[in-house]
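Below you'll find the structure, written out as structure tokens, and then a few comments.
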Amino acid sequence: MSTAEEDLANYSLLDALRGRRSRRFAVGMKSDSGPMPFDSAHPPMPLTEEEEALLVFAACGITGHALGDLVYAKGQGGNILGGLVGRTAASGDCVQAVALIVSNDEATYVIKRPQDLTTDEIQELIELVAQGNLTEFYTRARVKIKDGRSAPPVEPMFNINCNRWSVYQPGTTYFLPVNDLTFIYINGLLSILSPETGAYVLDERRGFCSAGLDRFARSKGGHLNDDPAGNDIVTIERMELGVAELATVEQGMIQQNLALTAHAMGLGGFPNFAAHEFGWFQALDFKTGQMSSSHYFGKGPVFEVAAKLLKRDLPVSFPLALEINGEPLLRAFCQPCYPTMRDAVMAVVERKFGPEGAFRGGATAGEWLDSKPISAATPDMEEETIEATIAYCEYVYQTYGRFPGFIAPFRTVIGFQAAHLELDFYDRYYKPEALSSTHREHMARWHSQ
């Protein structure tokens with residue numbers, strides 16, 4: 001561990017919380033209008049691999065195994081977990097729904113999530129982290145997807161106007177969390193469509209009809225409570241909004257980790273709008289699907305014919321997978337990435353209950369002194385739960401042309417740009433306390449040469 005890393009390790013969390021601010025003006029930047037014009041006298045200075053490694057670790061470093069301190073008796077919900085490996089940011093159901101893209105002047109990378117690694121690779125990365133070898137962790141966990149920087153256009157609405165002058169500038173590194181909403185969606189369905197929870201889903205866009213769950217309704221002898229007077233009725237939109245919010249909370253924790261670590265290192269950084277529907281996915285060369293806008297609205301064949309006649313049936317593109325040489329690095333759990341929605345659901349079940357799933361072979365690598373009682377107490381998923389989940393997923397896909405129906409399988413919300421600060425700019429226009437001693441001493445500590 002370098003002296004600079006030792007300083008970082010001893011930096012006060014309270015100081016980082018007190019001092020965290022968005023600081024945008026980096027060396028090499030120029031602002032030639034308004035009341036604070038400034039032209040940096042220094043050339044752009046990219047982050048070193050060591051600096052990027054520390055930020056990547058803060059964002060999504062693999063730190064060990066989740067404790068999984070739940071109740072695993074039948075009907076108690078412990079089987080909601082989708083994995084047993086923990087990262088620096090918490091994840092709903094331990095699914096690790098967020099992947100991290102890192103882009104700088106030289107290349108663009110994706111950082112492998114726990115589910116993208118073998119058990120041996122996970123253990124090796126955990127050991128590297130324990131040893132403090134975070135640069136090696138970074139180089140081992142990343143996969144280069146493109147040479148050079150990847151980014152969408154800076155113009156609105158790809159970006160917000162106030163950051164056009166500074167975002168994606170030479171010398172900066174951009175960290176982009178990408179939410180996969182499909183696994184966590186299906187995993188959640190396997191919980192709420194179980195006999196224990198027994199929720200019933202209606203489609204509000206089609207007159208509040210059943211979302212493919214008729215034969216599972218309790219009024220027809222099934223296990224889902226379709227009584228309108230009960231508390232178990234939900235809608236597709238409410239379901240999907242909850243999925244998106246849960247993954248976005250995980251992304252928010254990643255953002256906060258990046259911001260606090262950048263401050264503690266003496267780097268500049270700020271969060272930046274990244275919620276364009278397809279801008280980032282085009283820039284990253286995601287494989288996309290396409291459907292008609294009339295299909296998306298799900299109003300039926302008459303509406304679709306009318307939209308076509310009026311030439312208002314525009315195509316809607318959405319991201320499905322990120323591939324390198326035909327090998328998927330990120331792949332949605334839906335058609336057409338899987339032949340059918342049944343196949344997609346069963347792939348989720350396999351990750352949880354297959355021979356190497358979280359509750360079977362994968363449990364042996366957990367933090368429990370003895371994983372056998374945990375595995376034995378966690379029964380396989382009930383057949384009626386699996387079939388209800390498949391029926392619902394098939395309904396959404398067939399009715400709206402994609403899964404999820406309201407939102408795309410992958411989603412970006414906000415990115416984080418880090419860079420070396422131009423101290424002279426802040427000294428000219430701000431009070432001295434705008435920068436901490438860590439910022440002022442960064443070059444001496446991290447770049448003494």
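All of these numbers come straight from a predicted model, not from anything done at the bench. Both backbone and side-chain heavy atoms feed into the values below; hydrogens, waters and symmetry mates do not. Numbering of residues begins at 1 and proceeds along the displayed sequence.
Under 3.5 Å, the side chains of His420 and His447 contain a donor-acceptor pair of N or O atoms. Counting only N and O atoms by type, the side chains of Thr248 and Arg411 include a donor and acceptor under 3.5 Å apart. Between the side chains of Asn272 and Tyr174, a donor-acceptor pair is found at a separation under 3.5 Å. One side chain, Ser103 or Thr108, offers a donor N or O that lies under 3.5 Å from an acceptor on the other.
Considering CG of Leu423 and NE2 of His42, their distance stands at 8.0 Å, rounded to 0.5 Å. Rounded to the nearest 0.5 angstrom, Ser371 OG and Phe359 CZ are separated by 12.0 Å. Note that CG of Leu190 is 4.5 Å distant from CE of Met381, once rounded to the nearest 0.5 Å. With values rounded to the nearest 0.5 angstrom, Asn159 atom CG is found 9.5 Å from Trp280 atom CH2. Here Glu245 contributes atom CD and Asn179 contributes atom CG; the two are 12.0 Å apart, rounded to the nearest 0.5 Å. Distance check: Ser194 OG to Leu189 CG gives 11.0 Å after rounding to the nearest 0.5 Å.
Put simply, the side chain of Asp370 gets close to the backbone of Lys372: a donor and an acceptor are under 3.5 Å apart. A distance-only check finds a donor-acceptor pair linking the side chain of Gln115 to the backbone of Val95 [under 3.5 Å]. Of the possible donor and acceptor atoms, one in the side chain of Tyr429 sits under 3.5 Å from a partner among the backbone N and O of Pro37. Listed for the Glu240 side chain is a donor-acceptor partner under 3.5 Å among the backbone atoms of Gly405. With Arg149 contributing its side chain and Gln169 its backbone, the two residues share a donor-acceptor pair below 3.5 Å. When atom types are taken as modelled, the side chain of Thr378 and the backbone of Asn79 share no donor-acceptor pair closer than 3.5 angstrom. With hydrogens and angles disregarded, a donor-acceptor distance shorter than 3.5 Å links the side chain of Arg23 to the backbone of Ala434. A donor-acceptor pair is defined here as one N or O able to donate and one able to accept, closer than 3.5 Å; no such pair exists between the side chain of Lys30 and the backbone of Ser40.
With Pro177 as the partner, the side chain to side chain contact (heavy atoms under 4.5 Å, CB included) test is satisfied by one option alone out of Glu250, Gln255, Met253: Gln255.
Closest approach of Leu176 and Gly415 over heavy atoms only: CD1-CA, 4.4 Å. Ser317 and Gln290 make their closest contact through OG-NE2, 3.3 Å (heavy atoms, listed as atom of the first residue, atom of the second, distance). Between His65 and Ile126, the shortest heavy-atom contact is NE2-CD1, 3.8 Å. Looking at every heavy atom in both residues, Leu320 comes nearest to Cys334 through CD2-SG, 4.0 Å. Here the closest non-hydrogen pair linking Leu330 and Ala99 is CD2-CB, 3.7 Å. Closest of all the heavy-atom pairs between Thr88 and Cys60 is OG1-N, 3.3 Å.
Shown here is Met157, whose CE atom has no more than 12 heavy atoms of other residues, nucleotides or ligands within 6.0 Å. Applying the 6.0 Å contact sphere to CZ of Arg238 captures no more than 12 heavy atoms from other residues, nucleotides or ligands. More than 12 non-hydrogen atoms from other residues, nucleotides or ligands lie less than 6.0 angstrom from NZ of Lys146.
Side-chain contact between Val129 and Leu134 is present, with at least one heavy-atom pair separated by less than 4.5 Å. Within the 4.5 Å cutoff, the side chain of Phe281 has heavy atoms near those of the Val178 side chain. Under the 4.5 Å side-chain criterion, counting only non-hydrogen atoms from C-beta, Pro152 is in contact with Tyr168. Residues Phe403 and Ile186 have side chains in contact (heavy-atom distance under 4.5 Å, counting atoms from C-beta outward). No side-chain heavy atom of Asp285 sits less than 4.5 Å from a side-chain heavy atom of Ile145. Between Tyr395 and Ile236 there is a side-chain heavy-atom pair separated by less than 4.5 Å. Side-chain contact check for Phe416 versus Leu100: every heavy-atom pair is 4.5 Å or farther apart. For the pair Ser33/Trp165, no side-chain contact is recorded, criterion being any heavy-atom separation below 4.5 Å from C-beta on.
Because its NZ or CZ atom is not both nearer than 6.0 Å to the ring centre of Phe38 and within 45° of the ring axis, Arg428 does not count as a cation-pi partner of that residue. Cation-pi geometry between Arg205 and Tyr400 is satisfied (NZ or CZ under 6.0 Å from the ring centre, within 45° of the ring normal). Annotation: cation-pi geometry not satisfied between Arg164 and Phe158 (NZ/CZ under 6.0 angstrom from ring centroid, within 45° of ring axis).
Within the structure, no pair that satisfies the ring pair (Phe, Tyr, Trp, His ring centres under 6.0 Å) test touches residues 100-150, not counting sequence neighbours.
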Please lay out, stage by stage, how Asp180 and Arg113 fare under the test side-chain contact (heavy atoms from CB on, under 4.5 Å). CA-CA 11 Å; Asp180 168 20; Arg113 304 163 298 171; 4.1 Å; yes
Quick one, Phe25 with Met36, criterion side-chain contact (heavy atoms from CB on, under 4.5 Å). Give me CA distance, side-chain angles, the key distance, then yes/no. CA-CA 11 Å; Phe25 209 109; Met36 295 191 294; over 6 Å; no
Chi angles and distances behind the side-chain contact (heavy atoms from CB on, under 4.5 Å) call for Met29, Thr172: CA-CA 10 Å; Met29 285 188 180; Thr172 64; 4.1 Å; yes
Evaluate the side-chain contact (heavy atoms from CB on, under 4.5 Å) criterion for residues Leu260 and Tyr11: first the C-alpha distance (whole Å), next the side-chain angles of each, then the deciding distance (0.1 Å), finally the verdict. CA-CA 10 Å; Leu260 293 175; Tyr11 195 83; over 6 Å; no
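Between Phe183 and Phe333, the ring center distance clears the sub-6.0 Å criterion.
By the salt bridge (charged side-chain N to carboxylate O under 4.0 Å, His left out) test, Asp232 pairs with no residue at all, sequence neighbours left out.
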